[in-house]
There are 2 protein chains.
Amino acid sequence: MSNLSTTSDEILASARTLIMNGGYNGFSYADIADVVKIRKASIHHHFPTKTDLVRTLVSRYREDAEAAVAALGQNVQDPFEILKVYADHWASCIEDASRPFCVCAMLASEMPALPPEVAVEVKAFFRFLATWLTSVMERGCKEGSLRLSSEPKVEAEAFMASVHGAMLSARAYGMPDVFGVILTPTLQRLSPTGA
Amino acid sequence: MSNLSTTSDEILASARTLIMNGGYNGFSYADIADVVKIRKASIHHHFPTKTDLVRTLVSRYREDAEAAVAALGQNVQDPFEILKVYADHWASCIEDASRPFCVCAMLASEMPALPPEVAVEVKAFFRFLATWLTSVMERGCKEGSLRLSSEPKVEAEAFMASVHGAMLSARAYGMPDVFGVILTPTLQRLSPTGA
DNA sequence: CCTTACCTACCTTCCAGTAGGAAGGGCGTC
DNA sequence: GACGCCCTTCCTACTGGAAGGTAGGTAAGG
């Protein structure tokens, strides 16, 4: 059981990397086959269609994020610190090029061209992220750990947009540190001390 | 001369729309041929390769933006108003689905998978936009029309990221008004009166 | 003996791009 | 003003390769 499903995990992992690079239409079963060292047809055994593959990938991506967010809530209490850890997570992912872009941000940009089943999952991810960030903002507002200038829900959406936009700029310039440059003042603004 | 080059303009216009939908790998010469009502091979007469086509498209997109920005500077003096007009422009484009996404934001997300010639043009667009926004921020800071909490350059990058992130969210949710929801407080924060 | 995992071989469709020709307009020359 | 010439535009017909997906078989393990 432990590494019986390794192949399908490898397929998902390589698909994730490929999507981060070029989006839904930017990779093929042949690309995955090259990486995983398996025949193209064998991928169809694990995921009958490309839609199945990406739907599963995004769905699991959200589940993983949900787990990570729950764990983060256990280890870090302060809402401001939580936002900082979240931003730092992406900063280092982009910096060391391990996960230079969020899969769902990537797919969201292609939304109108996505198979409906995949689009639904992407939407679900955005909703999950917004809901979580909203709860963090709400708690930070109550506890005085965050200084909000709008409703928590709006602040959450604005923060999420900043993160995604910063990713995009870092990629456009080919300068990973741009992400940090953009997010530092964004976090600063939310800090109760103003620094 | 006036409408001699109409066909090549139509090709560029339809390519722009198609890229906004699905990105670089999300459209083909056949798709353009359907829209422009021309044979696939005829497109190659105007743009020998797909790379040529998109490079030209992005380059002209930047030129148009430069002209629009210059015109905006003539008609509107107040830096805060300029940012508002810029945001409103995109809000209405997204709202009426006429140009529901920025071509360069779309292509930037696919950066690593783009032909180098195209990637260069996309980078140039981002640099132009950042430079312009920085100059607006600088003037607004000097004149007191904008309240900045960081250096003009950083504020400009953050503002640009918010715009792009807001576009992404609007698309992900399938709710055009999300763009406005995110940008309203972003502008508010920059307003000298705080409202 | 059945299921799982993987294979070879193949299909259809689509892709970017090429070859080569037809139609027509502009233009200089006789 | 008619002829020949060329350039632009668009066409039909095609190529080689890559796309997603299928058919059917083999080997291993419970």
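Computed from a prediction, not measured in an experiment: that's the story for all the values here. Residue numbering restarts at 1 for every chain, and letters A, B, ... go by the order of the sequence lines.
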In this structure, how many angstroms lie between the P atom of D/dG21 and the CG atom of A/Asp52, rounded?
8 Å

Phosphate oxygens OP1/OP2 of C/dA5: is one of them under 4.0 Å from a side-chain N or O of A/Thr7?
no

Which of parallel (below 30°), tilted (30 to 60°) and perpendicular (above 60°) describes A/Phe126 and B/Tyr173?
perpendicular

Counting only side-chain nitrogens and oxygens, does B/His45 get under 4.0 Å of the OP1 or OP2 atom of D/dC10?
no

Would you say B/Ser149 and B/Glu155 are linked by a side-chain donor-acceptor pair, where the criterion is simply a distance under 3.5 Å?
yes

Would you indicate, yes or no, if C/dC6 has its OP1 or OP2 atom less than 4.0 angstrom from a side-chain nitrogen or oxygen of A/His46?
yes

DNA chain D-proximal residues of residues 35-42 of chain A, any heavy atom under 4.0 Å
A/Lys40, A/Ala41

Counting only heavy atoms from other residues, nucleotides and ligands, does the tally under 6.0 Å from CD of B/Glu138 exceed 12?
yes

Contact class for B/Phe27 vs. all strands (heavy atom < 4.0 Å): base, sugar-phosphate, or nothing?
sugar-phosphate

Heavy-atom side-chain proximity of A/Leu187 to A/Phe159 below 4.5 angstrom:
yes

How about A/Asp52 and A/Thr49: does a side-chain donor come under 3.5 Å of a side-chain acceptor?
yes

Do B/Pro79 and B/Leu83 come within less than 4.5 Å of each other through their side chains, counting heavy atoms only?
no

